[in-house]
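Values below: all heavy atoms of this structure, side chains included; hydrogens, waters and symmetry mates excluded. Being a predicted model, the structure only gives us computed values, none of them experimental.
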Amino acid sequence: MWSLDECRQKVLQGLSPRGVIMGTLLGQVLCLRLSPDDRTVAVCAGNKILMLDIESRSILAELEGHQGHVTAAEFCPWQTHIIISVSEDRSFKVWDHHVGSLIYNSPVLTAFPLLSLLIDAKSRQLVTGCANGQLWIFSLVEGHHYRCVTRVSLKKKSESFSRRVESRLCSLPEESQRPCTHGLEKGEEVEASLPILGLAPCDLSAIVSAPCVWGLSSETTSCLWIGSSAGLFIFNLANFELEAVLHYRDFRSLSIHVAGSCAVMSKANDDKAICLLTSLFGRKIVMLEIRVAALVRSQQGHDAGRHLSVLPRTCVGPTSPLCFTTAKESKTPPAPQRQSAGRSTVKDQPLVFHTKVRSSGYASAPHITMFSPKANTRKRGDHSSRRRDGPRCKEYPLESSPPTKLYKQRVLAHGPAAAHCVQYSAGDGQWLACGLANHLLLVFRADLSGTPTVFSGHDGAVSTVCWSHDSRWLLSASQDGTLRLWSLRRAELALCVGKDVFSKPVRSAQFYYVDTFVLLSSGPELQLLKYHIDTCKDEIQRYKQKSRCKRVFRLPTTGRTEITSLSAVNDFYSYLVLTAGRNRTLEVFDLNAGRSAAMTVEVHSRPVHQICQNKGSSFTTQQHEAYNLFATTASGDGIKLWDLRTLRCERRFEGHPNHGYPCGIAFSPCGRYVASGAEDRHAYMYDLGSSTFSHRLAGHKDTVTSVAFSPAAPQRACPETQEEASFGRDFSVLLREGRLPIGNHYWAQCLLSMNWCWTLSEVVYTY
């Protein structure tokens, strides 16, 4: 044991410093760790962990249980009596060194030995690395039971980071481009694996910016140093991405190109980091001094989207596609022609002269009131005001708990027809639309009571449903290639756009610019349609189709790649549209300028199947920065949370199984939670401040394909009832209820059933 202050004084005096011997004949020691209070030292010797008291130099406890050499150990910062160790037996163990007992023993994680370990106090996560470059992250939050958050391949992350850096450099002007030294040149060999030799905390709070909403801030974002045999990496524990890479081979003066061990130290709010390397093929030791800010900023994007915002900053331009008006609307009425005096005099004179003709009564008001109810005007005014100030005017609680209680279950179809999509009416939250694979579109009341309204007419599965802002119209897209607009009040078709209008099938469609346009994607094109709905109530001429629509703008994606998903805000005026391409790119279009505004590559490892924006609702008021958050999801690659202003992934959500079927996601109206479907018949709830799920909601019998939050909070309670019914297959919608400070919080899950079910199914109604 060495005291650094004493050693420093001895050196200044010209004397040789001496340490204190804590123990002898302990075996091969691979790791030493001091407790947070500096009273105990953990010695990893062989397959045991010896706990030594610094003052008495005695052994307090021997922790035995590993089947291989213990390679690393760490004390828990918030529970000092807890110590966690990893070993060559490919597992980690949690100990209580005060009692000397084993608390938790993990299963075998990988086929390679675990070499390094780190406990992050901010995120309450355990990070361990193995010899083949795999990084395992576990949650240490109470109640999570050491849940695995994610597993990361350092080699794949390094290759993806190099491609992103190269794409950023290519997008710069020619005078500011720099040669990239992180890519693989011709003839350069790729290392088979990147063994993780060491882990250390890294503070990037002053460098990496994050939106200060719902726990997303640079102060709460944790990063760490990863020391490998080929280089140093800065890893972000919020989005599981690399922030910077430093390869040893880039330094020609460095005598070590392959490291055998690595140790990194950096202080909080300090731009300097010290790295100690030892050579794998020789007796060399090298110390590096790294300027962290310069390293990170040299490899980050150069204001990729800082000028973007969902909230408009300028007025609509005169040449903008959003200024389009139809020919009938823009046509001014003709000026009335001046008639001759004679004809005007004859026309204005009465037909009968000098005598008064008794009127037939058609043009005059009735003399007798047939029905005039005596009502108290004050009470009627109170009732109307009370109805206006009902649930619609109540503010949605922002500090609300997530929904966890099953409220109601309803069967959608009795035959083999899976549910594809579900959405609440955006304006009032009183209706719930569900698109089915049997070509039908069902509209329920928000509480799933009564008989649903059935809209039929599609010849293929309904893939997309979208409500207008005033909740009067419903838009649906189908696999038959048609786009249909329905009237909720009349329960009939108002407008149909056939497949002859679109060159490719419509993948996504929605109302846009506060119901002014219909925005859709067809193949590689983004199209804007101006529509007119005929609301004439002439029952005789109802067969005449007077509703019409016209394409006013079309814009192809960069590289003409197929659009897999799009999203835009319809609750208020916004110029930006987000699109995801088949080539795993994310592109932002500015429809005010009529061009592409920004693009980022390799958003996910697979094509994005849904983009979901934090749109809030009519019952909430969020911080204006929160509306720039949006989420993307892809099969097998989790959920990523993005900031539109920087086009940077701020957090990644892992834990829900989604490997084959495209499961949907949704933001809560308060903007604090993200819900996701999963293939294990559960729905998962994520808090924006954590990368692992907070709740796992059961109740379905097959894959949960879509989720939706209600924009409003109903304020009534009813008794519980339970009924039974028999169904051929399980196609149901579940409403879940969460306890709120001023009411209840409802959301719906939509289920896709893939298996036949010949047993009795139960319908539960819980009020």
Side-chain angles (χ1 to χ4, degrees), residues 305 308 310 321-322 420-421 423 426 435 462-469 475-479 481 483 497 501-531 551-601 603-604 606-615 627-634 639-640 642 644 647 662 664-667 706 708:
L308 301 178
V310 171
L322 304 180
H420 284 172
C421 49
Q423 192 180 59
V462 179
S463 58
T464 302
V465 293
C466 180
W467 288 92
S468 63
H469 181 66
L475 184 68
S476 65
S478 172
Q479 296 180 3
L483 191 70
V497 184
V501 179
F502 311 111
S503 58
K504 297 292 181 65
V506 177
R507 294 293 299 262
S508 302
Q510 67 166 82
F511 289 98
Y512 176 62
Y513 214 63
V514 194
D515 299 343
T516 307
F517 302 95
V518 171
L519 181 69
L520 60 91
S521 65
S522 175
E525 288 185 343
L526 187 70
Q527 299 188 14
L528 204 62
L529 305 182
K530 180 71 175 180
Y531 64 96
R551 184 193 297 118
V552 297
F553 186 69
R554 58 198 305 177
L555 188 64
T557 58
T558 303
R560 299 196 64 84
T561 181
E562 181 185 2
I563 299 176
T564 57
S565 178
L566 68 84
S567 178
V569 177
N570 186 46
D571 296 338
F572 53 86
Y573 293 106
S574 177
Y575 306 149
L576 300 185
V577 178
L578 309 179
T579 63
R582 181 70 64 182
N583 58 351
R584 300 178 296 156
T585 59
L586 179 69
E587 193 165 4
V588 182
F589 292 93
D590 185 355
L591 292 191
N592 187 25
R595 59 179 178 83
S596 175
M599 186 181 70
T600 181
V601 299
V603 178
H604 284 270
R606 294 184 181 180
V608 175
H609 62 257
Q610 185 182 355
I611 302 176
C612 183
Q613 290 181 264
N614 180 27
K615 303 176 182 179
Y627 293 102
N628 290 310
L629 297 179
F630 67 95
T632 59
T633 180
I639 305 171
K640 288 187 177 182
W642 301 79
L644 180 61
L647 281 185
I665 57 176
F667 270 97
S706 182

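Contact annotation: the side chain of L322 never approaches that of T516 to less than 4.5 Å [non-hydrogen atoms, C-beta and beyond]. Taking the side chain as every heavy atom from C-beta outward, L586 and F630 approach each other to under 4.5 Å. A 4.5 Å side-chain heavy-atom check between V577 and Y512 finds at least one atom pair inside the cut-off. Using a 4.5 Å heavy-atom cutoff, the side chains of Q423 and C466 are in contact. Contact check for P556 versus P524: no side-chain heavy atoms found under the 4.5 Å cut-off. Under the 4.5 Å side-chain criterion, counting only non-hydrogen atoms from C-beta, V518 is in contact with L483. Using a 4.5 Å cut-off on side-chain heavy atoms (C-beta onward), L526 and L519 make contact.
No hydrogens or angles considered: a donor-acceptor pair under 3.5 Å links the side chains of S567 and Q613.
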- For side chain to side chain contact (heavy atoms under 4.5 Å, CB included), just list the numbers for I563 and R507, CA-CA rounded to whole Å, side-chain angles, deciding distance to a tenth of an Å, and then say yes or no. CA-CA 8 Å; I563 299 176; R507 294 293 299 262; over 6 Å; no
- Stepwise side chain to side chain contact (heavy atoms under 4.5 Å, CB included) check, F502 with L520: CA-CA 10 Å; F502 311 111; L520 60 91; 3.7 Å; yes
- List the steps, then state whether side chain to side chain contact (heavy atoms under 4.5 Å, CB included) holds for W642 with V603. CA-CA 10 Å; W642 301 79; V603 178; 3.2 Å; yes
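The minimum heavy-atom distance between S508 and T564, with the atom names listed, is OG-O, 4.2 Å. When all heavy atoms of I665 and A631 are compared, the pair lying nearest together is CD1-CB, 3.9 Å. The shortest heavy-atom contact between V608 and A634 is CA-CB, 4.2 Å. In this structure, A708 and A666 approach most closely via the heavy-atom pair CA-CB, 4.2 Å. Shown here for V552 and K530, the closest heavy-atom pair between the two residues is CG1-CB, 3.6 Å.
To the nearest 0.5 Å, the span separating CG on L566 from OG on S521 amounts to 4.5 Å. Atoms NE2 and OG1, on H604 and T633 in that order, are 6.0 Å from each other to the nearest 0.5 Å. To the nearest 0.5 Å, atom OG1 of residue T558 and atom CZ of residue R595 are 11.5 Å apart. From N583, atom CG reaches atom OG1 of T561 across 3.5 Å, with rounding to the nearest 0.5 Å. In this structure, the separation between CG on L555 and CG on L591 is 7.5 Å, given to the nearest 0.5 Å. The CG atom of L528 lies 12.5 Å from the CZ atom of F589; values are rounded to the nearest 0.5 Å.
Ring-centre distance between F517 and F511: not below the 6.0 Å cut-off.
Here the side chain of D515 pairs a donor or acceptor atom with the backbone of H469 at under 3.5 angstrom. Under a 3.5 Å cut-off, the side chain of S706 and the backbone N or O of G664 do not form any donor-acceptor pair. In terms of modelled atom types and a separation under 3.5 Å, the side chain of N614 and the main chain of N628 share no donor-acceptor contact. Listed for the S463 side chain is no donor-acceptor partner under 3.5 Å among the backbone atoms of Q479. In this structure, Q527 contributes its side chain and S522 its backbone to no donor-acceptor pair below 3.5 Å. D590 contributes no side-chain N or O that, together with a main-chain N or O of L576, makes up a donor-acceptor pair within less than 3.5 Å. At least one donor-acceptor pair closer than 3.5 Å links the side chain of T579 to the backbone N or O of E587. Counting only distance, with no hydrogens or angles, the side chain of S574 and the backbone of V310 share a donor-acceptor pair below 3.5 Å.
The salt bridge (Lys or Arg N to Asp or Glu O under 4.0 Å) test applied to R582 returns E562, not counting sequence neighbours. Scored by the salt bridge (Lys or Arg N to Asp or Glu O under 4.0 Å) test, K640 finds E241 as partners (sequence neighbours excluded).
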